[in-house]
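One structure is given below, encoded as structure tokens.
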Protein chains: 2
Amino acid sequence: MVKGKRSSQLGAENGIETRKKIIKTARALFMEYGYRGVSTRKIAESCGITQPALYHHFPNKQSIYLEMLRNDLLEMKTSLQRIVQSCDEMKESLERIIYFLLERYPFNLHQLFHDIEHEVAEEHHETIQEWWRSACQRPIATLFEEGIEKGTIYSEGNNQIDAERYSFLLMNVLSQRDQRLRSRKELSEQASFLATFILYGVSSQSRLTTNNES
Amino acid sequence: MVKGKRSSQLGAENGIETRKKIIKTARALFMEYGYRGVSTRKIAESCGITQPALYHHFPNKQSIYLEMLRNDLLEMKTSLQRIVQSCDEMKESLERIIYFLLERYPFNLHQLFHDIEHEVAEEHHETIQEWWRSACQRPIATLFEEGIEKGTIYSEGNNQIDAERYSFLLMNVLSQRDQRLRSRKELSEQASFLATFILYGVSSQSRLTTNNES
DNA sequence: CCTACCGATCGGTAGG
DNA sequence: CCTACCGATCGGTAGG
């Protein structure tokens, strides 16, 4: 039993390592191929274990997905809150938010939403939506709300609703990525281009009028 | 042989009707659940036929998907070209394009791109990309190019490349839909909101400056 | 001998 | 963490 305890402790440590490896591997695969496009055998194979061994660490395929999602959204929340708090100027905040999302989450956001809607059991939808709101929707909407209060961002009246709509639009703009963009310089240029688009649109007059102030 | 000919003609007509019904049904299912989320049995069931009967009309599942895609993109091409040609004012064109896409294709565009990339055989990718470019990318880019030439749309120098980038952004903005919007009035308001966003962004100054002219 | 379709089952693979 | 499997369902095809 003493030997059993020792090996069980080591086993637990290895088990935790394996668990992390499963999450990391599954994340890359899920983001590339989608939930249905990744089999548990594929995840196991990529981790160097057999498929039934997965079920020693997780009760089912869905729980791997949810754990991965929870980890990602917790990290996203921390990062976005830090960016929003540390920047004073709207355009700089937008550029840094966009750069962060392009670099750290270089995948299709709508595949994610699709998988959550169609592959994850409905009982988890509300939880996931709250994760998403606090990780992404709220920090970005906060930024726009501050802009509306300062008068730099347009609002038709209801500041909070307009800020949320803009936050939704920002995510849409980032939803489909040009996968060719990879270098730091290219990402930075793309972030600047998108931030300018979100602020001033494609009209030449709005850009010329507003660019003079900065 | 005469009787045979007659019954074969009627059979062919019924066959064509069934084929159209399969395409129409498969379209709705594929757009809601994605390629992998729809089984051939589900398609057949929704058409009121058995699953093996599908293989009388199509050699395989993929060919149903490709036929549906080709039909949709041919229709989209005609409609978008008509809108672009019939409108003189940029904002009106944008609103009508957005309204058309929201109403006629109320699904997630990125699920479509994902399915094409991961589920359709690579030999068809180039063909599909050309369908997409001529149906959507080119008509919308043409609109922005005209705006750039008139001076109303901003360009950093290369008009054609900037117009294509804007066309890509417009599709991104439309990629994720608020499924609650359904009535004609709501769609119309959403189209106006999005067209204004694309033209002037979220900055209050760019909107106030430019709104006075219209 | 054709068509449009049926019930049943093929080889393989999914999550568990 | 393995081998050996399960109930079910997948896309596709057999004979009638």
Side-chain angles (χ1 to χ4, degrees), chain A residues 3-23 25-26 29-30 33-68 115-116 118-124, chain B residues 1-23 25-26 29-30 33-68 115 118-121 123-124:
Chain A
K3 274 193 288 186
K5 191 186 171 193
R6 183 166 177 272
S7 74
S8 131
Q9 277 185 337
L10 284 172
E13 284 163 21
N14 290 334
I16 290 172
E17 286 308 304
T18 307
R19 191 185 164 91
K20 285 183 185 170
K21 187 170 186 177
I22 290 168
I23 294 288
T25 306
L29 290 170
F30 281 139
Y33 302 107
Y35 190 86
R36 288 280 278 265
V38 178
S39 67
T40 53
R41 281 171 176 78
K42 180 68 188 168
I43 298 172
E45 187 198 323
S46 301
C47 294
I49 60 177
T50 60
Q51 180 253 7
L54 281 182
Y55 293 85
H56 176 73
H57 301 277
F58 296 92
N60 50 45
K61 186 186 180 185
Q62 180 182 266
S63 65
I64 304 177
Y65 192 81
L66 288 175
E67 178 78 4
M68 174 229 32
D115 284 343
I116 290 166
H118 293 292
E119 311 294 347
V120 174
E122 205 169 345
E123 54 180 313
H124 300 110
Chain B
M1 285 305 238
V2 175
K3 276 193 284 185
K5 191 183 171 193
R6 185 166 175 271
S7 74
S8 133
Q9 278 184 337
L10 286 173
E13 283 162 22
N14 289 336
I16 289 171
E17 286 307 304
T18 308
R19 190 185 164 92
K20 284 183 185 171
K21 187 171 187 177
I22 291 168
I23 294 290
T25 307
L29 290 170
F30 281 139
Y33 302 107
Y35 190 86
R36 288 280 280 265
V38 179
S39 67
T40 52
R41 281 169 178 79
K42 182 67 188 167
I43 297 172
E45 187 199 322
S46 302
C47 294
I49 60 176
T50 61
Q51 181 254 7
L54 280 182
Y55 292 86
H56 177 75
H57 301 277
F58 296 92
N60 49 46
K61 187 186 179 184
Q62 180 182 265
S63 64
I64 303 175
Y65 191 81
L66 288 175
E67 178 79 2
M68 177 250 351
D115 284 344
H118 293 292
E119 310 294 348
V120 174
E123 53 180 315
H124 300 109

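All values derive from a computational prediction rather than experimental measurement. Residue numbers start from 1 in every chain, and the chains themselves are labelled A, B, ... in the order their sequence lines are given, proteins ahead of strands.
- When rounded to the nearest whole Å, the span between CD of A:Gln51 and P of D:dC2 equals 11 Å.
- Side-chain contact between A:Arg36 and A:His118 is absent, with no heavy-atom pair separated by less than 4.5 Å.
- A donor-acceptor pair is defined here as one N or O able to donate and one able to accept, closer than 3.5 Å; such a pair exists between the side chain of B:Gln62 and the backbone of B:Ala121.
- How far CE of A:Met68 is from CD1 of A:Ile22: 14.0 Å, rounded to the nearest 0.5 Å.
- Put simply, the side chain of B:Asp115 never gets that close to the backbone of B:Gly34: no donor and acceptor are under 3.5 Å apart.
- The interatomic distance linking A:Tyr55 (OH) with D:dT3 (C1') rounds to 16 Å, in whole Å.
- Between the CZ atom of B:Phe58 and the C1' atom of D:dG11 there is a distance of 16 Å, given to the nearest Å.
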For nucleotides 14-16 of chain D, print each protein N/O atom paired with a nucleotide N/O atom at under 3.5 Å, atom names and distance only.
none

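- Of all nucleotides listed (C:dC6, C:dC5, D:dC1), C:dC5 comes nearest to the side chain of B:His57.
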Solution key, residues 42-56 of chain B side-chain donor-acceptor pairs under 3.5 Å, sequence neighbours excluded:
{"residue": "B:Ser46", "atom": "OG", "partner": "B:Lys42", "partner atom": "O", "Å": "2.9"}
{"residue": "B:Gln51", "atom": "NE2", "partner": "B:Thr40", "partner atom": "OG1", "Å": "2.8"}

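- Nearest to the side-chain atoms of B:Asn60 among the listed nucleotides D:dC1, C:dC5, D:dG12 stands D:dG12.
- One can place OH of B:Tyr65 at 14 Å from P of D:dG11, the figure rounded to the nearest angstrom.
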Practice prompt. Taking Watson-Crick and G-U wobble pairs with both distances under 3.5 Å, convert DNA chain C into its dot-bracket string, 5' to 3', dots for unpaired and | for cross-strand pairs.
Written response: .....|...|....|.
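- Listed candidates were D:dC1, D:dG11, C:dC6. Nearest to the side chain of B:Thr50 is C:dC6.
- A:Thr18 contributes atom OG1, which lies 12.0 Å from atom CD1 of A:Ile23 (distance to the nearest 0.5 angstrom).
- For DNA chain C, the neighbouring residues in residues 37-45 of chain B, judged by any heavy atom under 4.0 Å, are B:Arg41.
- Looking at A:Lys61 and A:Tyr35, their side chains come closer than 4.5 Å, going by heavy atoms from C-beta outward.
- Rounding to whole angstrom units, NE2 of residue B:His56 and P of C:dC5 are separated by 7 Å.
- If you take CD of B:Gln62 and P of D:dG12, they are 9 Å apart, rounded to a whole angstrom.
- Between B:Phe30 atom CZ and D:dG11 atom C1' there is a gap of 12 Å when expressed in whole angstrom units.
- Listed by chain and number, the residues in a ring pair (Phe, Tyr, Trp, His ring centres under 6.0 Å) with B:His124 amount to none (sequence neighbours excluded).
- Side chain of A:Ile49, nearest nucleotide from D:dG12, D:dC2, C:dT3: D:dC2.
- Taking the P atoms as reference points, C:dA8 lies 22 Å from D:dG12, given to the whole Å.
- Checked against ring pair (Phe, Tyr, Trp, His ring centres under 6.0 Å), B:Phe58 has no partners two or more places apart in sequence or in another chain.
- The separation between B:Ile64 atom CD1 and D:dG12 atom C1' is 11 Å, rounded to whole Å.
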